[in-house]
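First up is the structure itself, then whatever we jot down about it.
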Amino acid sequence: MQNTPEPAAEKDIEVARRVLAIEADALRDLSESLNGDFCKAIDLIESLAGRLVVTGMGKSGHIAKKIAATFASTGTPSFFVHPAEASHGDLGMIGKNDAVLALSNSGETPELSDIIAYTRRFNVPLIGMTRRPESSLAMQSDYPLILPNSPEACPNKQAPTTSTTAMLAFADALAVTLMERRGFSADDFRTFHPGGKLGQRLLRVSDVMHDVADIPLIGEDALMSEALVIMTGKSFGCVGVLDGDGKMTGIVTDGDLRRHMADNLVAMRVVDVMTCNPKATSSDLLAVEALAVMNDRSITALFVVDDIGKPVGLVHIHDLLRLGVA
């Protein structure tokens with residue numbers, strides 16, 4: 001049975017679609033308006049020896065906090081300064097090697113005046129993000145970033161809606177452009193996000209594997225009696241088998257033991273019991289990719305080898321589950 005909205009709900013959906021359409025139009029206008037000023041701002045931020053200080057008042061201030069967090073997590077040291085607090089001592093947080101990104105839709109926010117004056121006095125580069133190119137903020141900025149002159153999405157055309165969306169998107173464009181210029185990688189991202197689920201999914205095998213000194217290994221010509229002792233002592237449910245050069249040629253698992261239970265297992269040589277050419281992985285692989293290999297092959301442990309096939313570690317599914325990789 002189709003879920004047909006009630007008349008009142010249909011009106012609400014119409015309002016919501018109008019809001020989204022207005023803001024989408026503003027973003028398209030913003031995209032088309034990008035010019036050399038955007039590139040100059042990127043050049044400045046990329047070359048900073050200090051930090052990017054982001055500021056704004058009211059709703060612009062809330063957006064500024066998010067912008068500072070985005071920059072900080074993507075390789076650009078950044079923090080938020082409240083303009084009112086700046087007038088009462090926090091101007092001292094802005095150093096000579098820093099730059100300021102100030103947000104104001106009108107460009108005439110009174111609370112920003114002290115920060116603007118401070119940047120002019122001490123030659124701190126100022127990036128001004130505003131809708132009005134003739135405003136005080138735009139005129140005083142070294143790098144003015146002008147937002148499209150789009151209407152706010154609220155019925156009275158006053159509540160910050162379209163303007164704050166444009167500010168946020170503009171700053172996202174700056175941050176992502178800088179990421180690509182710098183070659184900001186998944187490893188770099190994980191460095192700034194070690195505690196989140198995303199950070200866990202970006203762990204590499206080298207971050208979670210057991211070192212070679214702690215893993216079960218044995219030579220091909222050893223007896224299974226010795227292999228059983230090593231398997232029991234290491235508790236990984238397997239043992240890696242090495243040739244005379246220390247390269248991994250096989251693996252003995254619980255399944256191999258069951259297949260040879262009818263034989264005189266303890267007197268057999270390891271090479272006669274092992275599974276040859278076992279699946280292994282490299283330390284550079286993402287841990288989540290190693291987990292996919294384990295799931296695909298229905299195994300619980302994966303040896304890690306170097307470029308010439310010598311074992312350097314072992315990753316176990318229990319460790320991946322414990323760390324939240326799965």
Side-chain angles (χ1 to χ4, degrees), residues 73-75 176 179-222 224 226-257 259 269-326:
S73 69
T74 55
V176 173
M179 288 177 69
E180 295 205 10
R181 270 200 185 187
R182 292 166 169 161
F184 195 83
S185 66
D187 280 340
D188 297 322
F189 193 86
R190 182 172 58 81
T191 299
F192 298 117
H193 298 76
K197 186 67 175 178
L198 180 57
Q200 300 308 318
R201 289 189 174 275
L202 294 177
L203 287 171
R204 295 201 177 272
V205 167
S206 58
D207 298 318
V208 299
M209 71 182 189
H210 296 268
D211 291 333
V212 66
D214 301 321
I215 64 176
L217 298 170
I218 198 167
E220 291 176 332
D221 293 330
M224 281 303 300
E226 183 182 352
L228 289 169
V229 171
I230 294 175
M231 287 179 68
T232 303
K234 297 293 187 178
S235 301
F236 287 111
C238 64
V239 59
V241 184
L242 309 179
D243 65 11
D245 295 325
K247 298 178 182 179
M248 190 167 173
T249 58
I251 186 173
V252 177
T253 67
D254 292 335
D256 295 314
L257 300 183
R259 281 188 288 273
R269 291 191 308 156
V270 169
V271 70
D272 297 322
V273 176
M274 73 181 191
T275 297
C276 297
N277 302 316
K279 182 66 178 177
T281 186
S282 71
S283 59
D284 292 333
L285 197 73
L286 287 176
V288 69
E289 293 177 287
L291 178 63
V293 172
M294 293 185 201
N295 288 335
D296 182 60
R297 294 178 173 261
S298 298
I299 58 178
T300 58
L302 199 58
F303 279 91
V304 185
V305 298
D306 61 17
D307 293 339
I308 61 173
K310 291 186 177 182
V312 295
L314 180 145
V315 58
H316 197 278
I317 195 168
H318 291 164
D319 298 313
L320 300 180
L321 295 172
R322 175 174 52 82
L323 292 169
V325 173

Heavy-atom side-chain contact between T249 and M274 under 4.5 Å: yes
Hey, mind stepping through L320 and M294 against side chain to side chain contact (heavy atoms under 4.5 Å, CB included) and telling me if it holds? CA-CA 11 Å; L320 300 180; M294 293 185 201; 4.0 Å; yes
Check step by step if side chain to side chain contact (heavy atoms under 4.5 Å, CB included) holds for V270 and E220. CA-CA 5 Å; V270 169; E220 291 176 332; 5.8 Å; no
Going by heavy atoms in the side chains, are K310 and V305 under 4.5 Å from each other? no
Between the side chains of D272 and R269, is the shortest nitrogen-to-carboxylate-oxygen separation below 4.0 Å, so that they form an ion pair? yes
In terms of heavy-atom contacts, K234 and P216 come closest through CG-CB, 3.6 Å
Test item: side-chain donor near acceptor, D256 and T275, under 3.5 Å: yes
Would you please test I218 and E226 for side chain to side chain contact (heavy atoms under 4.5 Å, CB included) and show each step? CA-CA 8 Å; I218 198 167; E226 183 182 352; 4.0 Å; yes
Answer yes or no: is there a side-chain heavy-atom contact under 4.5 Å between F236 and H210? yes
In terms of heavy-atom contacts, L217 and V212 come closest through CD1-CG2, 4.1 Å
Would you check if the side chain of D306 reaches a backbone N or O of I308 as a donor-acceptor pair within less than 3.5 Å? yes
Quick check for you: to the nearest 0.5 Å, what is the distance between D284 atom CG and R204 atom CZ? 6.5 Å
Quick one: does D211's side chain have a donor or acceptor within less than 3.5 Å of a partner on D214's backbone? no
To the closest 0.5 Å, what do you measure between CG (L286) and OG1 (T281)? 10.0 Å
Can H316 and T300 be said to form a side chain to side chain contact (heavy atoms under 4.5 Å, CB included), step by step? CA-CA 6 Å; H316 197 278; T300 58; 4.0 Å; yes
Quick one: closest heavy-atom pair of V312 and M209, and the distance? O-CE, 3.7 Å
Closest non-hydrogen atom pair, L285 against A290: CD2-N, 3.8 Å
For L302 and I299, work out which heavy atoms get closest and say how close. CD1-CD1, 3.9 Å
About how many Å separate OG of S283 and CG of D207, when rounded to the nearest 0.5 Å? 9.5 Å
Do V205 and E289 have side chains that get closer than 4.5 Å, going by heavy atoms? no
For residues P278 and G250, report the shortest heavy-atom separation together with the two atoms involved. CD-CA, 3.5 Å
Going by heavy atoms in the side chains, are V252 and M231 under 4.5 Å from each other? yes
Flag side-chain contact, heavy atom, 4.5 Å: D254 against C238: no
